[in-house]
Structures are given as C-alpha cells and as structure tokens.
Amino acid sequence: MDNHREAFQEEARELLAELESSLLELEESPDDQELIGRVFRAMHTIKGSGAMFGFDEIAAFTHEVETVFDLVRNGRIKVTKDLTDLTLSARDHIRVMLDSSGEIGSDEKEKREALISSFKKLIPSRDIGVNINHQSNPLSGKDSSPVIDEEQVTCRIRFRPPADLFEKGINPVYMLDDLRQLGNCRIVAQISEIPCLEDINTESCYTFWDIILTTNKGIDAVKDVFIFTEDDSEILIDIIDDENSLDNKSSYKKLGDILVERGDLSQEDLQKVLNAQKRVGEMLIEAGVSRPDQIESALIEQQHIKEIRQTKQLSDTVSSIRVPSERLDKLVDLVGELVTAQSLLSQTAADENNPRFLVIAEEVERLITELRDNTMSIRMMPIGTTFSKFKRLVRDLSKELGKEIELTTDGAETELDKTVIEKLNDPLVHLIRNSIDHGIERPDIRKASGKATQGQIHLSAVHSGGNVLIKITDDGMGLDTETIRKKASEKGIIQRDSELSEKELFSLVFAPGFSTAATVTNLSGRGVGLDVVKKAIDALRGTIDICSTKNIGTTITLKMPLTLAIIEGLLVKIGGDSFIAPLSVVEECVELTREDVARAYGRHLAHVRGQIVPYIRLRENFMINGDTPAIEQIVIINIDGHRVGLVVDNVIGEHQTVIKSLGNVYKNIKGISGATILGDGKVALILDIQKLVQTAELKEHALRT
Amino acid sequence: LSDDRQKERSIKVQYTIEKSDGAEKIMLAGELSISSAEELKGVLLNALSASDQITLNLEQVTEVDLSSLQLLCSAHRTSIRMQKNLTRTGSCPGSLMTIAERAGYLRQRGCTGNCFWADIYELCK
C-alpha cells in the first residue's frame, strides 16, 4: 500500500504542476474551455485517487475546489483573477498536505478553512445544494479515473427503433449521444427507408442506425443505453474487435506485395492493374446487390477499426514506465564502472598486440560508448518543467512589488541532466528575483523613460556543444558601471584607482558581500546573493557571464555542462600520481624547460608565443616529493577569459572520466573536486581549476601586501 | 418581378416563399419540429408540384429535430425522382449541422449522386 501511496504522491505532484501551468494560462485566456476542463480533470483525479489511497483530507479539500470548477465548466461562474489567485493558493495548500502526508499544523488548517469559505462564497446562491452528478460522496473514490476500466472492445451495433418511437416520446438522438459518451463512436444513419414525400408519415421514425463503438466501459453499459426501447426495437450488438484479437488477427501480406517482393512482378505493373480494377464497393453497387449507404456504413466500420488499431499500436510504442531515480543513478554508476573496465581492456589489448583481441576490445569500446550515451540520455529531462515554475514566481513577485512583468520562455524542450536541472533551480530563482527586484523598474519610471510599462524577462535555453546555454534577459535599467566601481572600492574589493574593463566590473557583482541595492528588500539586496549563485554554478562546473547596457537591460548567461556523471578529461601525471583536468577548459599544452624557469628569475611566468602566462606548480601545490623531470609540461587553461598554466610532469592524454565524489573526509580539500578510477585500478584526482587559481591569487596577494 | 407573390405565415412553420418563372425560393425560420412537420410536408409538396427549381433557405432556422431531418431527406429524394431540382442555399445554420451530426446523417456519399447531406458534411469537417 505504501508503494501505492508513494505513486499517488508522485502522480499528484505532476498533476499539481500541470494544474499550475493550466491556471496561469487560464488567467491569460479565461474563456478557454479546454483549459477549464484541464483544471477540472486535474482536481477530479487528485480527489478520486486521494480518497482511494487514504488521503482523505486532500480529497475533501479538493472536492470543494472541484465543485467550483464544475460550475465554471458549466458556465455558471466566470473565470476571474480572484478565482485563479484562490485556486493557485489552493494548489499550494494541496501541495503542503501532500508533502506532510496528512499531518499539518494548525495555521495551515486555518488557511484551509479560509480557502474553503472563499470558494464557497464564489458559488452563486441558486447553485448551493445542487450537487454535481458524481460528487455525492467525495470520499468513496468510486468515480476516480484510476479505477480499472474494462478491456477495450469495439462493437458493431444495428439499432432499428420501432416506427412509433416518436409517439412514445423517445428521442433517439439522445440515445446516440449516450453512446458517444461511452467511447470512440461512429454513427451512420441509414436513411434508405425514408419514403417519398407523398407517402411519408411525419410522425414515424424511418431512420435506423449502424454504430461502431470502441469502449472500455463494457458491453453492459452499451446495452443500458437501449434499456427503454429494447422490447420493440431491433438491437444487434456484435463484438468485432477486442484487445486480444489485435495481435493475432493482423493479416498477412497481400498477394500483389508477395509477388513484387519475389521479383515476379514489378511495382509499376501491379499499380497499373490495380488502378484498372474497381473497388469492391463500386462493383457491388453496380451489380445492384448493395445500396450505396450500406457500403458507406461498412467502409466506416473498416476505417474505424483501422484507426483504433493504429492508436492502440501508437500508445503501445510511446508508452513509458516510471522508474525510481535511485535505480537510474545505480545504472549510471554501473555504466561508469563499465567505462573504467573497458579502458583497462583497451589498454591490455593494446599491450598484447593480438589482432583478434584488439578487434574484440574495439567492439566492446564501441558498444560501451553507445551504452554510455544511451544511459546518459535516459537521465536527460527537458528544462521546461523548471521554466514553468518561474512563471508563478514572476507573477507573485511582480504583484508584490507593484511591477508589471511578463515572463517569456524559449527552448523549454532543451534537455539537461536531471541532477543539473535540480541543482540549477535555486540559482535561477535567485537570478530571476534579481531581475525582478533590481532590473525591471516600476511602471511609472518605465513610462517616464519611454519604455512600455510592462517589463519583459526572457528565459531561454539552447544546446551548444557539450553545454547548455541558459540566458536570462530583462529589459530593465541595466548595470551601472560607476555605481559598481564606487561600491566595490567602498567595500575594499578593488583599489580606488584600479583600471577595470566593463566585463571585469560586471564580474564584481559576484564577489562575496557585494550588493548595489540602496535599500534592502525582503527579496534581495542583503549582499548574500550573486556570490552564492556563482558558487552553485561553479559547483556544477558551469560558468556565469553578465552582459548589460544601461537603461536597455541585462543578460545573464549560464553555461552548464550537459551531465555531471561523466566528463572528458585530460589525464596528467606528477610523479606517480595521476590527475584529471576537465578537457573543456584546456586550451593547449606547452613544454617548460629548466632554462625557461631560470630565465623567469623565480617568478612563475612562462612565455607562450609572445604572451606571458602565469602558472601554478601543482607539484608544490600538492606537496609532492621527488625530482621534477628536465622538461615539464604546462597545461594552459582558460578560465573566465584568463589564461593560466598548470605545471605537471607528463601529459598522458584524453580520458573518459567517470566522476566519483570524494567521501566526507576529503570533502574540504581545496583544489580537488572529485576522483575517478583509471583503467589500471588506480585513483586519479579531478582538479578543481577555479579553486586552484583562486588560492594561488590569494597567496600572491598576501605576498605583495 | 411583377408576378412575385409573397406569403407570410406564422402559425407553426415560419416560412416565406418567393416565386418567379418556375423557380421557387422557400425561406424557413424558427423551429422545425415534429409538431410542424405535417405542415412543412404540405409546403414542400406544393412547391414540388408547382416548380421545377426549388431552393431552400434554412439560415433562420433555430432548431431541427429528427422528424424534420427525415422530411428534408424525403423531399430531396422525391425531387430527384420527379426530375426536379431541390437545393439548399444560404449558410447552413448551426442547429442543422449539430442535429445532422448527432443523428448520424452526415455522410460523404449519399444514396444519390448529390446527397442533401453531403455538402453539410463538407461544411462540418
């Protein structure tokens, strides 16, 4: 049962997310019946399955909301901003109840009572007491959609009512409507028995019907439709197709196709003969043995079954299964191990130099690469789920601040690793809050400076190589370089007279303790902000970049790696130890001879094609004993536009790096972000380039002052 | 159009007839139901016996029931047998489209070459 409860909670969370986006859309187009229906169905499903799995409070509360939306659906209540506001709060409340599994605090309970009474106030007085047809017992769970339906069947119904049907006061059209309610239905009226005008009795029913119905409500439900007329009508119900017959009835190839396949007949000849041939229906009509409307009815049956089978096949192929994310993580781990084992295999094969062995090793390598890519793609999720959350954020915050802001998004389908998306959420919230609070001006100020009163924030995501670029663009006041310079020198982050480029100035806003907002609001401005964002992005191996023009707007670009589990690395050696540098930041490798070192008079600077590049001696940094080789290697990396060298003994080459996190004991070691297992079973440490450079800069700074 | 004869009645079936050399234009309005069907039958019969070219305008019709659908179908069929021309003009009212769809009267091919319902089918698509 616990399993079911969890499944329900998960399903309900998805429904709530959908509910939120539907409500926000509904706010923009309040007359959209489809959206209203979507909101109603989401509420209905939450109520029904909530009751089934023992979430009685959720069911009872959702019931109240559903009642109101049923009235909305029937056009009794109009969709207003108040209603969507209220429903959004109700959604949040359901979420709270869901997460706390039923035990909620008294303040939440008060909130719930307030919500319920507000919803009740919305119900017009004449509708009080009018129950929606299936709500009499909200806790029965009987009407919930997850109740297992019967098997899907397709039946052919011939319904020939008695001629005096109208006189009995029965309108067959209503019965046809009932049949349509049961499922996918095609109805053909047979009108061949309607006599000529002279002979017609206007009060007789001459029409009879052929109906093809695909339903999962069971045959009894179909029979129930005819319950009032079954005694004097001719009612034939035949099951012509059911789920079991879908597989075994598929007909074998047609004769013509077999002949063409065997090469006994050319496709053109077949087509020519086929074109000359008349269709069976036409031939039957010509022969006078069938009437056109009979043929039409039969053709409709044929088409109906074809479509049902197609949709069945389609739903079979696109169906998805729900897998707990731990299992996926385990799978990724195993694939990682496999990649490691494979590199050992390739290494050994190369050493053995046995051609057969090499072929096998190459084949395994190819398969594992494919397996790795596939596994990674399973973990990919579209970023759109996160985007839709921000719609709500922008809506609520801008209301609070009295600003008018529209959030537009682009590239919601862009896929990113699940973990990256999860961890990106907080930084993005922070950045968007900043845009709302500091970026977009109040409507009156905007108007005065000739802008539209409504501010725009645009969120976009796009793939770029192994990275995803996420851009947050606003058309607000932009960053003011002078203010930043003043603030930074006040806080001692920069020297008063230091010359900095625009880009460098902008990057100061990410410095710890920096905030330009004059007043502190409850949203942002406390100086803990962008440096936290920067840290989070760094931890995800991403970069952050600001571009801004005063009074035009600001664009913040996040460059995030697609995945965190496996990276392309450059394997280097210092003495007996191996290290990995992320290949994405490596620019080139150059040699460093003892003469070069001597020429620099002890300063850690190297000349690379006329440019001076500072370097860090990793051997010193990690305090590794032993002699340096005569010719060392500098791995030149590019970090935030600066070139920095890392001096190592040897560069081994590219390495598929499966990232393993270091245990708690090693978590605080500066300069190392993780580890990986090499083909020979040894451990290589992954360099945290950002940290290494930062530490070196601080040291340098301390030396100078 | 000197011999134009206009006739307006408002008992049960609301209709107006315009006649001019062998052609007859019938404009129906309001509700076409079983209680008015007998009268509508008379109107249609008269028209079919008097004119060769009959056009039915249903634009103002607000409601149609199954018995009236049968009647319209029968009139059309009769016109073909009598080698006369009965067609529908003007836009097709929503009420007629809805009932034709609900009652399963819509079809691509009818019993005759130019079925009365086939063009409504096209409209409903």
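Throughout, protein chains are lettered first and strands after them, A, B, ... in sequence-line order, and every chain is numbered starting at 1. Every heavy atom of this structure was used, including side-chain atoms; hydrogens, water molecules and symmetry mates were not.
The side chain to side chain contact (heavy atoms under 4.5 Å, CB included) check on B/A103 picks up A/V173, B/L66, B/L69, B/Y105, with sequence neighbours excluded. The side chain to side chain contact (heavy atoms under 4.5 Å, CB included) test applied to A/D178 returns A/V225, not counting sequence neighbours.
With no hydrogens or angles considered, a side-chain donor-acceptor pair links B/Q70 and A/T207 at under 3.5 Å.
Remark: the backbone N or O of B/A37 is not paired with any side-chain donor or acceptor of A/T202 at under 3.5 angstrom.
Atom NZ of B/K25 has 12 or fewer neighbouring heavy atoms from other residues, nucleotides or ligands inside a 6.0 Å radius.
Between A/L176 and B/R102 there is no side-chain heavy-atom pair separated by less than 4.5 Å. A/C196 is listed as a side-chain neighbour of B/R81, based on a closest heavy-atom distance under 4.5 Å.
With chain B as the partner, the residue from A/P195, A/S297, A/C205 showing the most heavy-atom pairs under 4.5 Å is A/C205. Counting heavy-atom pairs closer than 4.5 Å to chain B, the top residue among A/Q190, A/R180, A/M175, A/E203 is A/R180.
To the nearest 0.5 angstrom, B/S67 atom OG is 11.5 Å from A/L165 atom CG. Distance check: B/I34 CD1 to A/E167 CD gives 7.5 Å after rounding to the nearest 0.5 Å. Atoms OH and OG, from A/Y206 and B/S74 in turn, are 8.0 Å apart once rounded to the nearest 0.5 Å.
For B/L44 against A/L197, the heavy-atom pair with the smallest separation is CB-CD2, 3.7 Å. Taking all atoms of both residues into account, the shortest heavy-atom contact from A/I194 to B/R77 is O-NH1, 3.0 Å.
Contacts of B/L40 with chain A are absent, with no heavy-atom separation under 4.5 Å from either backbone or side chain.
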Practice problem: Would you sort out whether B/L71 and A/I200 count as a side chain to side chain contact (heavy atoms under 4.5 Å, CB included), showing the intermediate values? | Solution: CA-CA 8 Å; B/L71 198 61; A/I200 198 167; 3.8 Å; yes
